[in-house]
Structures are given as C-alpha cells and as structure tokens.
Amino acid sequence: IEIGGEVEAGLAAQPGELAAAFAELAALDRDVLFLLDEVHRLGEAAAHAVAWSLRSLLDTHRKRIKVVATSSSAASYELLVTGEKRAFNRWFTRATLEPLGEGFVAHLAAITRKHFPRHTVTQADLLAAFAALGQSPKFLRDYLNQRILDPRLDHDSALKLAALEAARESGHE
C-alpha cells in the first residue's frame, strides 16, 4: 500500500488534523514508513507547534511508524535537532552520505547538453560553480537555472547570482 500526502509550509492546519491523519494511519494496522522531506523546515519559528505535535505523534506511534527524514540544509538541520528546547533534540539518527562530486556534475552536464543543446553551459563551468558554491547540489541547480533561463548569461554573472541566492537562503546576505 502506498499512501501519499503533502503539507505545504505556511498553510495552517485545523486543530486535531495531524492527530486525525495519524489515527487513520494507525487504523491501517500496518507498518508505515513516514518520509519527512526538508525536515529542517520544522526548525523554523512558524513551525514550532507543528514540530512538537509531530514529535509527540511519532513517539506515540513509534511501534508501527518509522521515520526517514531528509534535509538539504545541514546547518538548518542542526538547529532542528540541537538544544533541549527543540522538538527533535537528538531524536534522529544521522546517516552521512558521500558528498556528490565530479560524477554528479558530469551527469548534470550531459543532461543539460541533451535537453539544451544550444546553451553554452560546459562541464568545466559546472565544476567551477559546484566548487565555488560549496559543493551544494541545490546551489549548483540555482546556478544552472540562471544559465538555462537566460542563455546570454555568462558563467561569472550566473555564479554571482547563484551566490547571492545561496547567501539569502542561508541568512548571510
């Protein structure tokens, strides 16, 4: 059985809505793998109540519901799980993955050449941008988006825009 659901950040749930969803999952009387994508968003001030409610529900249903959480921001993830007043303080077991490298960049370059053959984005450009942007796949995607959306944009200009976006998203403008 596969059940899918999604909650958009910023949309307020009705009181008891999350508990009702967990009750429905429990009623299935099956083991459930619960995927929390971009879990670091639960560390934001606006998500404080949701984070605590979710933590309580996951603790209550821990025998049948197992959680896999993903985060694209190591720094924001650390804020979520560090500190006694955080809902998920020391709650997750962290699995460190091998950093993406040249193979990842070569793949992006091949996909870009295939789908955008007239663009001038080269693998060398992508490697340089990946290194300059802290080897962040998300920030490299921002760079690539800049180049694809505006084919006249050169490497340095796109890199500057991607770096500004990375700084803004990281709170370091």
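The residues of the chain are indexed from 1 along the displayed sequence.
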What distance separates [X] [atom1] from [Y] [atom2], expressed to the nearest 0.5 Å?
{"X": "Leu126", "Y": "His107", "atom1": "CG", "atom2": "NE2", "answer": "11.5 Å"}
{"X": "Leu57", "Y": "Leu18", "atom1": "CG", "atom2": "CG", "answer": "5.0 Å"}
{"X": "Leu58", "Y": "Phe22", "atom1": "CG", "atom2": "CZ", "answer": "4.5 Å"}
{"X": "Asp31", "Y": "Lys66", "atom1": "CG", "atom2": "NZ", "answer": "7.5 Å"}
{"X": "Leu127", "Y": "Thr122", "atom1": "CG", "atom2": "OG1", "answer": "8.5 Å"}
{"X": "Leu144", "Y": "Leu149", "atom1": "CG", "atom2": "CG", "answer": "9.0 Å"}

Open item on the list: We want to know whether Ser56 and Asp59 form a side-chain donor-acceptor pair, criterion being a heavy-atom distance below 3.5 angstrom.
Closed with: no

Open item on the list: Are Leu28 and Val67 linked, directly or through intermediate hydrophobic residues, by side-chain heavy-atom contacts shorter than 4.5 Å (ILVMFWY only)?
Closed with: yes

Open item on the list: Tell me whether Ile65 shares a hydrophobic cluster with Trp52, the cluster being built from Ile, Leu, Val, Met, Phe, Trp, Tyr side chains joined at under 4.5 Å.
Closed with: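 No, Ile65 does not connect to Trp52 through the hydrophobic network.
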
Task: Glu102, CD: over 12 other non-hydrogen atoms inside 6.0 angstrom - done: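 No - once you tally the heavy atoms of other residues, nucleotides and ligands closer than 6.0 Å, there are 12 at most.
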
- [ ] Kindly determine whether Leu36 and Val68 satisfy side-chain contact (heavy atoms from CB on, under 4.5 Å), including the steps that lead there.
- [x] CA-CA 6 Å; Leu36 286 171; Val68 173; over 6 Å; no

Smallest separation among heavy atoms of [X] and [Y], with atom names:
{"X": "Arg55", "Y": "Ala87", "result": "NH1-O, 2.6 Å"}
{"X": "Arg86", "Y": "Gly43", "result": "NH1-O, 3.3 Å"}
{"X": "Ala51", "Y": "Leu42", "result": "CB-O, 3.6 Å"}
{"X": "Pro137", "Y": "Leu100", "result": "CG-CD1, 3.5 Å"}
{"X": "Ala129", "Y": "His155", "result": "N-CE1, 4.0 Å"}
{"X": "Val121", "Y": "Thr112", "result": "CB-CG2, 4.2 Å"}

- [ ] Decide if the gap between the ring center of Phe130 and the ring center of Tyr143 is smaller than 6.0 angstrom.
- [x] no

TODO: Kindly state whether the ring of Tyr77 and the ring of Phe88 have centres lying under 6.0 angstrom apart.
DONE: no

Are [X] and [Y] ion-paired here, with the side-chain N under 4.0 Å from a carboxylate O?
{"X": "Glu44", "Y": "Arg41", "answer": "yes"}
{"X": "Lys160", "Y": "Asp156", "answer": "no"}
{"X": "Arg147", "Y": "Asp125", "answer": "yes"}
{"X": "Asp29", "Y": "Arg64", "answer": "yes"}
{"X": "Glu165", "Y": "Arg141", "answer": "no"}

Task: Stepwise side-chain contact (heavy atoms from CB on, under 4.5 Å) test for Thr70 and Val39 - done: CA-CA 6 Å; Thr70 64; Val39 70; over 6 Å; no

TODO: Let me see the working for Arg168 and Leu164 under side-chain contact (heavy atoms from CB on, under 4.5 Å), right down to the final yes or no.
DONE: CA-CA 6 Å; Arg168 186 180 61 59; Leu164 288 170; over 6 Å; no

TODO: Please confirm whether the backbone N or O of Ile148 pairs with a side-chain atom of His119, one donor and one acceptor, at under 3.5 Å?
DONE: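 Checking the backbone N and O of Ile148 against the side chain of His119, a donor-acceptor pair under 3.5 Å is found.
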
TODO: Please lay out, stage by stage, how Leu161 and Leu153 fare under the test side-chain contact (heavy atoms from CB on, under 4.5 Å).
DONE: CA-CA 10 Å; Leu161 290 169; Leu153 206 58; 3.8 Å; yes

- [ ] Apply salt bridge (Lys or Arg N to Asp or Glu O under 4.0 Å) to Arg90 and Glu84, showing your working.
- [x] CA-CA 9 Å; Arg90 295 181 292 202; Glu84 294 298 321; 3.0 Å; yes

